[in-house]
*Asks:* 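Have a look at this one before I ask anything.
Source: prediction; values computed, not measured.
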Amino acid sequence: MLIGELAQRAGTSTRTLRYYETHGLVRPRRSANGYRVYDEAELRVVHEIRALLAVGFGLDDIRPFVACLRAGHASGDVCPDSVAVLRRKLAEVDAYLDRLGTVRRRLHDQLTQAIAQREETCLRTRRRTG
């Protein structure tokens with residue numbers, strides 16, 4: 001299939017496919033007239049790339065998944081290098097969640113203090129005027 005058909009079937013643009021190609025993730029063959037020609041395997045690769053990008057993986061993180069698919073595996077996440085990336089990414093997400101938990105606690109404490117101070121100020125004002 002030509003680049004336009006692959007883009008349509010993958011739900012992306014031809015520009016994006018050329019971008020993936022420049023990063024070595026997508027590999028077209030060239031026809032005699034120089035057109036990019038893709039086989040069905042490249043559609044699987046593009047779907048894998050898009051799915052991984054959608055959950056926050058970078059292009060360098062995606063390389064082992066693509067290599068795993070190219071090695072003939074039904075899924076890009078079964079190879080040791082892919083598993084290592086998944087473990088690292090999960091650790092990053094866990095650390096981020098921990099940081100977010102800390103920020104949430106601080107914001108909650110600050111809000112609680114602000115509300116308490118506001119209520120105390122309102123009570124004092126009422127006592128003076130009331």
Side-chain angles (χ1 to χ4, degrees):
M1 76 187 95
L2 297 177
I3 192 168
E5 182 182 352
L6 177 61
Q8 182 179 15
R9 289 180 62 191
T12 191
S13 67
T14 57
R15 182 178 181 189
T16 297
L17 294 176
R18 286 190 291 273
Y19 178 74
Y20 296 161
E21 181 184 347
T22 61
H23 287 277
L25 296 173
V26 174
R27 295 182 191 161
R29 289 178 287 114
R30 293 287 182 160
S31 65
N33 59 5
Y35 290 168
R36 291 171 173 88
V37 179
Y38 301 88
D39 58 25
E40 286 295 318
E42 292 306 302
L43 180 60
R44 274 186 49 222
V45 167
V46 173
H47 282 301
E48 184 87 0
I49 292 167
R50 291 178 50 78
L52 292 167
L53 286 172
V55 295
F57 285 82
L59 292 179
D60 287 335
D61 292 333
I62 292 171
R63 290 182 198 293
F65 296 87
V66 171
C68 193
L69 285 175
R70 291 198 191 289
H73 297 279
S75 175
D77 57 4
V78 298
C79 295
D81 289 345
S82 302
V83 171
V85 171
L86 287 169
R87 282 190 176 125
R88 182 181 49 75
K89 193 66 166 175
L90 183 59
E92 288 174 12
V93 168
D94 286 342
Y96 186 66
L97 288 172
D98 288 344
R99 287 192 305 273
L100 282 176
T102 300
V103 168
R104 186 188 186 289
R105 285 187 294 280
R106 286 180 184 166
L107 288 172
H108 181 268
D109 292 346
Q110 187 175 359
L111 177 61
T112 301
Q113 289 174 358
I115 290 170
Q117 288 174 357
R118 182 176 177 208
E119 289 173 357
E120 186 178 315
T121 302
C122 288
L123 282 175
R124 276 192 238 139
T125 303
R126 284 187 199 143
R127 287 182 191 148
R128 283 188 219 144
T129 60

*Asks:* With sequence neighbours excluded, what pairs up with Ile49 under the side chain to side chain contact (heavy atoms under 4.5 Å, CB included) test?
*Replies:* Tyr20, Leu25, Val26, Val45, Leu53, Ile62, Val66
*Asks:* Tell me, do Cys68 and Asp81 make a side-chain contact under 4.5 Å, heavy atoms counted?
*Replies:*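 Contact flag for Cys68/Asp81 side chains = no.
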*Asks:* State, with a plain yes or no, whether a side-chain heavy atom of Arg27 is found less than 4.5 Å away from one of Glu21.
*Replies:* no
*Asks:* Taking distance alone, no hydrogens or angles, what donor-acceptor pairs closer than 3.5 Å link side-chain atoms of residues 1-10 to residues at least two apart or in another chain?
*Replies:*
| from | atom 1 | to | atom 2 | distance (Å) |
| --- | --- | --- | --- | --- |
| Arg9 | NH1 | Glu40 | OE2 | 2.8 |
| Arg9 | NH2 | Glu40 | OE1 | 3.0 |
| Arg9 | NH2 | Glu40 | OE2 | 3.3 |

*Asks:* When you check the gap from the basic side-chain N to the acidic O, do Glu92 and Lys89 get nearer than 4.0 Å?
*Replies:*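 Between Lys89 and Glu92 there is a salt bridge, with a charged N closer than 4.0 Å to a carboxylate O.
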*Asks:* Would Leu90 end up clustered with Val55 when hydrophobic side chains under 4.5 Å apart are linked, directly or stepwise?
*Replies:*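 No, because Leu90 and Val55 fall into different hydrophobic clusters, even though each may have its own neighbours under 4.5 Å.
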*Asks:* Should we count CZ of Arg106 as having more than 12 external heavy atoms under 6.0 Å?
*Replies:*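 For Arg106, atom CZ is not crowded (no more than 12 foreign heavy atoms under 6.0 Å).
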*Asks:* Just list the side-chain donor-acceptor pairs under 3.5 Å for residues 112-121, sequence neighbours left out, or say none.
*Replies:*
| from | atom 1 | to | atom 2 | distance (Å) |
| --- | --- | --- | --- | --- |
| Thr112 | OG1 | His108 | O | 2.8 |
| Glu120 | OE2 | Arg124 | NH2 | 2.2 |
| Thr121 | OG1 | Gln117 | O | 2.9 |

*Asks:* Of all heavy-atom pairs between Gly76 and Phe65, which one has the smallest distance, and what is that distance?
*Replies:* O-CD2, 3.1 Å
*Asks:* Using the salt bridge (Lys or Arg N to Asp or Glu O under 4.0 Å) criterion, which residues pair with Arg63? Sequence neighbours excluded.
*Replies:* Asp60
*Asks:* Restricting to pairs with a member in residues 70-79, which pass salt bridge (charged side-chain N to carboxylate O under 4.0 Å, His left out), not counting sequence neighbours?
*Replies:*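 Of all non-adjacent pairs touching residues 70-79, those that pass salt bridge (charged side-chain N to carboxylate O under 4.0 Å, His left out) are Glu42-Arg70.
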*Asks:* Would you say that Val46 contacts Tyr38 through its side chain, given a criterion of any heavy-atom pair below 4.5 Å between the two side chains?
*Replies:*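 When only atoms from C-beta onward are counted, Tyr38 and Val46 do not touch, as no gap falls below 4.5 Å.
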*Asks:* Arg50 side chain to Gly11 main-chain N or O, any donor-acceptor pair under 3.5 Å?
*Replies:* yes
*Asks:* Can you give me the closest heavy-atom contact between Ala74 and Leu69, atom names plus distance?
*Replies:*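 Taking every non-hydrogen atom into account, O-CD2, 4.1 Å.
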*Asks:* Checking Leu107 now: which residues fulfil side chain to side chain contact (heavy atoms under 4.5 Å, CB included) with it, not counting sequence neighbours?
*Replies:*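 Leu107: side chain to side chain contact (heavy atoms under 4.5 Å, CB included) contacts with Val103, Gln110.
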